[in-house]
2 protein chains.
Amino acid sequence: MARNVEFNETLAIQKAMEVFWKKGYNATSLRDLTDAMQINSSSLYNTIGDKQELFVRCVQHYTDIRKQDWDKRLASKRSPLAVLVDYIHEAVKIIINGEDSCMAVKSAFEVATNDERVKQILVADDQRSYQFLYDLIKNAMDKGEIRDDEDPALLADYFNSTWTGWYESYILHKDPVKIKRMAQYFIKQLTK
Amino acid sequence: MARNVEFNETLAIQKAMEVFWKKGYNATSLRDLTDAMQINSSSLYNTIGDKQELFVRCVQHYTDIRKQDWDKRLASKRSPLAVLVDYIHEAVKIIINGEDSCMAVKSAFEVATNDERVKQILVADDQRSYQFLYDLIKNAMDKGEIRDDEDPALLADYFNSTWTGWYESYILHKDPVKIKRMAQYFIKQLTK
DNA sequence: TCTATTCTGAAACAGTTGTTTCAGAATATC
DNA sequence: GATATTCTGAAACAACTGTTTCAGAATAGA
């Protein structure tokens, strides 16, 4: 009966996400967004909604990508400890080489306190991150790869919150060695 | 020869700091600030400067207060380990009972990447925090209060970045038990 | 091809932003 | 008390904010 939407919504969300990621929610203007997305604001409001709604979609998109990564790693046939150590090393790489910090962390501090929907998305993301760590730690314990004299739930919780501080440290000091040494200590705690 | 400034600058900075702390830099408007400070914007621009300058002064003020606390604790005559454990417990209390997260952490993620002066203030603050932890850990090791098979500099670095994640966790889950359990594990790592 | 429906672009919206202006009130020094 | 200087309050500033409007372009189904 009528015309179809002209732009690729997924691609537009991706572009918007990159801007929000870099600048944060409040420092990003609607013009910044429509420029990056290459669409008119009328199209944006017609299809996705207002700035808040767009941000929610972007955070959701960001956490969806993370989930895919965790699922892929959990499906690996390598030993739990190997997967865990590999994951830590890749996390360090991302912190050191990434242009911007983790969008989930930034959004937790800037937006989650004011926007319940964003908060819920981040809570779900954090729980998946926890579960990923818990599964690996628990399996590694059961296989005797790491010591099992500590509650795996506690370790997963503790480690899960550890990354955040590494991001802050790297923003302030831009010192890759610092991050690498902390990661090494992290691994050592598990294995020894 | 002429009139003096009418308002109490320290008090005004304190009030501005509270607003920035709660809302963040970008979400705070000049009106929000002048309302809280109870001064006219002309007075603000005459004495302190623009929004950025005011924010710099507020972050400086925030970190000054922290420095005072560390100095006081370091001057204590109690054992290093007792001071450290006490500090951790108070940090947990602040996370759990505080209305807002740490302003230094929030500002690191929101502002430090764009404002070199803010970044430098936070770097200095972080180094003092590190030094505080290092001194206590080193002294505790020398006194045989804690094991000394680990590099105190590494431990100080690691623990220094740990708090940040606790703030994020509390924003998302509002779970005091989670934070307390992590703090307990933290202390256990040192002492056992 | 016609047409009913939907999408798009450009412009406009009112409200807010950070900042400046300036007349007049206030006062430290003489 | 006079006066030269400085501070304050209210208003105004242009630029920008997020959002809406609407005429016309586009097209899926008849």
Side-chain angles (χ1 to χ4, degrees), chain A residues 1-60 107 110-118, chain B residues 1-60 107 110-118:
Chain A
M1 293 280 251
R3 205 172 162 182
N4 284 342
V5 177
E6 219 169 61
F7 68 97
N8 180 336
E9 194 167 309
T10 313
L11 195 72
I13 293 280
Q14 172 78 29
K15 288 290 174 193
M17 184 194 76
E18 287 166 15
V19 181
F20 274 135
W21 188 351
K22 188 187 197 77
K23 310 187 75 167
Y25 178 79
N26 288 292
T28 300
S29 77
L30 251 293
R31 265 74 172 180
D32 291 336
L33 293 165
T34 49
D35 283 358
M37 300 166 85
Q38 301 219 61
I39 62 169
N40 192 276
S41 58
S42 73
S43 298
L44 173 60
Y45 278 81
N46 258 351
T47 51
I48 296 167
D50 63 10
K51 192 188 174 188
Q52 277 207 67
E53 182 67 41
L54 176 58
F55 187 73
V56 166
R57 298 279 292 274
C58 289
V59 175
Q60 184 64 259
S107 303
E110 197 198 346
V111 188
T113 41
N114 303 313
D115 187 320
E116 189 59 30
R117 294 165 68 202
V118 170
Chain B
M1 292 285 250
R3 205 172 162 182
N4 284 341
V5 178
E6 219 170 62
F7 68 97
N8 180 337
E9 195 167 310
T10 314
L11 196 72
I13 294 281
Q14 173 78 29
K15 288 290 174 193
M17 184 193 76
E18 288 166 14
V19 183
F20 275 135
W21 188 353
K22 190 188 195 75
K23 311 186 75 168
Y25 179 79
N26 288 292
T28 301
S29 77
L30 251 292
R31 265 74 172 179
D32 291 335
L33 293 164
T34 49
D35 283 356
M37 300 165 84
Q38 301 219 59
I39 62 170
N40 193 275
S41 58
S42 72
S43 299
L44 173 61
Y45 277 82
N46 259 350
T47 51
I48 295 168
D50 63 11
K51 192 188 176 188
Q52 277 206 67
E53 182 67 40
L54 176 59
F55 187 74
V56 166
R57 298 279 293 274
C58 288
V59 176
Q60 184 64 256
S107 304
E110 196 198 348
V111 188
T113 40
N114 304 313
D115 188 319
E116 189 60 30
R117 294 165 68 201
V118 170

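A quick note: this is a predicted structure, and the numbers were derived from the prediction, not measured. Chain naming here is simple, since letters A, B, ... match the order of the sequence lines and numbering starts at 1 in each. Basis for what follows: all heavy atoms, side chains included, without hydrogens, waters or symmetry-related copies.
Rounded to 10°, the helix from dT1(C)-dA30(D) to dA12(C)-dT19(D) has 10° between the axis fitted to its first five pairs and the one fitted to its last five.
The distance from atom CG of N40(B) to atom C1' of dA26(C) is 15 Å, rounded to the nearest whole Å. Counting to the nearest Å, the P atom of dA10(D) and the CG atom of L44(B) are 16 Å from each other. The CD1-P distance, from I48(B) to dT19(C), rounds to 13 Å in whole Å. The separation between N46(B) atom CG and dT5(D) atom P is 17 Å, rounded to whole Å. Distance CD1 (I39(A)) to P (dC7(C)): 12 Å, rounded to an integer number of Å. In this structure, L33(B) places its CG atom 10 Å from P of dT17(C), rounding to the nearest Å. At whole-Å resolution of the value, CG in D35(B) and P in dG9(D) are 13 Å apart. Whole-Å rounding puts the E53(B) CD to dT19(C) P distance at 11 Å.
With sequence neighbours left out, the side chain to side chain donor-acceptor pair (under 3.5 Å) criterion links D50(B) to no other residue. Partners of E9(B) under the side chain to side chain donor-acceptor pair (under 3.5 Å) rule, at least two apart in sequence or in another chain, are R57(B). Under the side chain to side chain contact (heavy atoms under 4.5 Å, CB included) criterion, K22(B) pairs with E99(B), D100(B), not counting sequence neighbours. In this structure Q14(A) satisfies the side chain to side chain donor-acceptor pair (under 3.5 Å) test together with E18(A), H61(A), sequence neighbours excluded. Qualifying side chain to side chain donor-acceptor pair (under 3.5 Å) partners for K23(A), counting only residues two or more places apart in sequence or in other chains: D32(A). Residues satisfying the side chain to side chain contact (heavy atoms under 4.5 Å, CB included) criterion with N40(A), sequence neighbours excluded, are S42(A), S43(A).
Residue pairs satisfying the ring pair (Phe, Tyr, Trp, His ring centres under 6.0 Å) criterion with at least one member in residues 30-52 of chain A, sequence neighbours excluded, are absent.
Residue side chain N4(B) does not reach the base of dA28(C) through any donor-acceptor N/O pair under 3.5 Å, judged by distance alone.
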Short heteroatom pairs, N/O only, protein and nucleotides 16-19 of chain D, under 3.5 Å:
from: dG18(D); atom 1: OP1; to: T28(A); atom 2: O; distance (Å): 3.2
from: dG18(D); atom 1: OP1; to: K51(A); atom 2: NZ; distance (Å): 2.8
from: dG18(D); atom 1: OP2; to: L30(A); atom 2: N; distance (Å): 2.5
from: dG18(D); atom 1: N7; to: R31(A); atom 2: NH1; distance (Å): 2.6
from: dG18(D); atom 1: O6; to: R31(A); atom 2: NH1; distance (Å): 3.4
from: dG18(D); atom 1: O6; to: R31(A); atom 2: NH2; distance (Å): 3.2
from: dT19(D); atom 1: OP2; to: Y45(A); atom 2: OH; distance (Å): 2.2
from: dT19(D); atom 1: OP2; to: K51(A); atom 2: N; distance (Å): 3.1
from: dT19(D); atom 1: O5'; to: Y45(A); atom 2: OH; distance (Å): 2.7

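Residues N46(A) and V5(A) form no side-chain contact, since every pair of their non-hydrogen atoms from C-beta on lies 4.5 Å or further apart.
Between dC7(D) and S43(B), no contact under 4.0 Å exists linking OP1 or OP2 to a side-chain N or O.
The cationic atom of K51(B) (NZ for Lys, CZ for Arg) does not lie both less than 6.0 Å from the six-membered ring centre of F20(B) and within 45° of the ring axis.
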